[in-house]
Amino acid sequence: MKPILILPLAAAVSALPGLALAQDAEYATLADTTFIFNTLLFLIGGFLVFWMAAGFAMLEAGLVRSKNVTTQLTKNMGLFAIAAVMYWLVGYNIMYPGDGNWIMEGVFGTFATKDIKSEIDAGGYSNASDFFFQLMFCATTASIVSGALAERIKLWPFLIFVVVLTGFIYPIEASWQWGGGFLSAMGFSDFAGSTLVHAAGGFAALAGAIVLGPRLGKYGKDGRVVPMPGSNLALATLGTFILWMGWFGFNGASQLAMGTIEDVDAVAQIFANTNMAAAAGAVAALILTQVMYKKVDLTMVLNGALAGLVSITAGPLDPTLFGALWIGAVGGVIVVFTVPMLDKFKIDDVVGAIPVHLIAGFWGTLVVPVYTEGTSFVTQIIGFAAVGIFVFVVSIVVWMIIKAVAGIRVSEEAEITGLDMSELGMEAYPEFAKG
């Protein structure tokens, strides 16, 4: 058999009569390809983070009791839609100073929504892709609050809080770092949002849980904690895997650039570290619950993986794989110890959002200087405290105002019956209803 000679494509094409490549053909410039790949990174990362909304919905639907599943799903649909509108209306302007800046132009200037049409030659990515990507982080912050306050909060008061959180609270504190504010100037480092997104959502949830109070029957008079198992651990597990997958976009696209070999390699490093931290968090919770309770607790394993993800989010690029492993593992350990700690304070967090997002968020923020040059433990603590105090104080004030004006908690009868019937008049599993 004669060997087959394969010519390079360009040479083969030019060798054909009438198909010679034009000498004056225009090729994409470096700026063109940089714009294209950066924009693509934002868009791919954005829709991966969007998919996390489904992960939160499935996780929460699985961890609440069957009589509250429809309400939880409705809250997740509603909060994402509200976040999309509010972030466009005011949040994006607040978060990124410049045209439409809320301080320089006044409160009414905030409502002059920022134009996301791109001047192609002005920057290295599409403005619309940046808006889309940043919106997903805003919505994620609200999703964290949803699960913690499940099974006893009214639907509409919760959604009113989401309006304030996504339109004002989150964009203000995020602007301190990602909008070039004072935290950024002082050297605070939060690569993808262990503090700005996850701990912020955790602080808002903590404030709500304190004002709202625990579920009926959760804590006995003798201090005993009454277990209230979720309705569907298969759904909760599916939700966790969806969140795990979405986190690759959450952390990876926070590199904010994919136009060079160095940037693409950085994204790959971030993916690998993100995955390792999640795996280590799950393994740590798996082993620790076996040791402590003589049986593995699946819900702790799920939250261990999520805590590992939150822990690596503040600095996913610089650690080695071993670094990501031990950082994520500590996150898993944090969950196992802090979930029962909250119960001792009678703070009822249905899905474990406060340990996962707030406590592990603090850990992830604190550990950044171990691997990231130019950062300090003092600066990291100050930044975390600034965000935490602001979000918690404003959130608790907003919750108390809503409670005074409209009430935030359903009646005892409605809570016993279930929010699905009392709030919505429909059930997630009607075929299993007792006759």
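- Around atom CE of M341, more than 12 heavy atoms belonging to other residues, nucleotides or ligands sit under 6.0 Å away.
- Panel note: side chain Q177, backbone L196; no donor-acceptor pair is recorded below 3.5 Å.
- Within the structure, salt bridge (charged side-chain N to carboxylate O under 4.0 Å, His left out) pairs that include any residue of residues 356-379 do not occur (at least two apart or interchain).
- Between the side chains of S376 and T379, at least one donor-acceptor pair of N or O atoms lies under 3.5 Å.
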Item to check | F390 vs W176, ring-ring contact (aromatic ring centres under 6.0 Å, His included): CA-CA, chis, key distance, verdict | outcome: CA-CA 11 Å; F390 169 75; W176 296 347; 5.1 Å; yes
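- D263 and Q255 share a donor-acceptor pair across their side chains, judged by distance under 3.5 Å alone.
- For the pair T372 (side chain) and T375 (backbone), a donor-acceptor distance under 3.5 Å is absent.
- Every residue two or more places apart in sequence or in another chain that forms a ring-ring contact (aromatic ring centres under 6.0 Å, His included) with F133 is listed here: F42, F137.
- Note on residues 49-60: pairs passing side chain to side chain donor-acceptor pair (under 3.5 Å), not counting sequence neighbours, are E60-Q72, E60-N76, E60-S146.
- Pairs of residues two or more places apart, or lying in two chains, never qualify as side chain to side chain donor-acceptor pair (under 3.5 Å) while including a residue from residues 395-406.
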Item to check | Verdict with supporting geometry, F250 and H198, ring-ring contact (aromatic ring centres under 6.0 Å, His included) | outcome: CA-CA 12 Å; F250 199 98; H198 295 284; 5.1 Å; yes
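- Side-chain N/O atoms of Y92 and D130 include a donor and acceptor closer than 3.5 Å.
- Between P319 and A324, the shortest heavy-atom contact is CB-N, 4.0 Å.
- Legend: residues meeting side chain to side chain contact (heavy atoms under 4.5 Å, CB included) with A278, ordered by chain and number and at least two apart, are W244, L309.
- Looking at residues two or more places apart in sequence or on another chain, you find no side-chain hydrogen bond (donor to acceptor under 3.5 Å, both in side chains) involving T141.
- Under 3.5 Å, the side chains of T195 and T365 contain a donor-acceptor pair of N or O atoms.
- Residue pairs that meet the side chain to side chain donor-acceptor pair (under 3.5 Å) test with at least one member in residues 346-355, sequence neighbours left out, are R215-D348.
- Residue A314 comes nearest to V368 through the heavy atom pair CB-CG2, 3.6 Å, listed as atom of the first residue, atom of the second, then distance.
- Annotation: M292, atom CE; neighbour count of heavy atoms from other residues, nucleotides and ligands within 6.0 Å is above 12.
- In this structure, Y219 has its ring center no closer than 6.0 Å to that of F345.
- A side-chain hydrogen bond (donor to acceptor under 3.5 Å, both in side chains) with E151 holds for exactly one of R65, K218, K67; it is R65.
- No close placement of the F131 and W88 rings is indicated, their centers lying 6.0 Å or farther apart.
- For N251, the side-chain hydrogen bond (donor to acceptor under 3.5 Å, both in side chains) criterion is met by T274, T313, not counting sequence neighbours.
- Atom CZ of F241 has 12 or fewer neighbouring heavy atoms from other residues, nucleotides or ligands inside a 6.0 Å radius.
- Within the structure, salt bridge (charged side-chain N to carboxylate O under 4.0 Å, His left out) contacts touching residues 33-54 (residues at least two apart or in different chains) do not occur.
- Checked by atom type and distance alone, the side chain of D343 never pairs as donor or acceptor with a backbone atom of P340 at under 3.5 Å.
- Qualifying side-chain hydrogen bond (donor to acceptor under 3.5 Å, both in side chains) partners for T299, counting only residues two or more places apart in sequence or in other chains: D297.
- Across all their heavy atoms, L79 and A139 have their closest contact at CD1-O, 3.8 Å.
- Applying the side chain to side chain contact (heavy atoms under 4.5 Å, CB included) test to L73 and every residue at least two apart in sequence or in another chain returns A57, M58, A61, V69.
- No side-chain donor from either of Y87 and Q134 sits under 3.5 Å from a side-chain acceptor of the other.
- Between the side chain of D420 and the backbone N or O of T71, at least one donor-acceptor pair lies under 3.5 Å.
- In this view, M136 and V49, F50, F80, F132 satisfy the side chain to side chain contact (heavy atoms under 4.5 Å, CB included) rule, not counting sequence neighbours.
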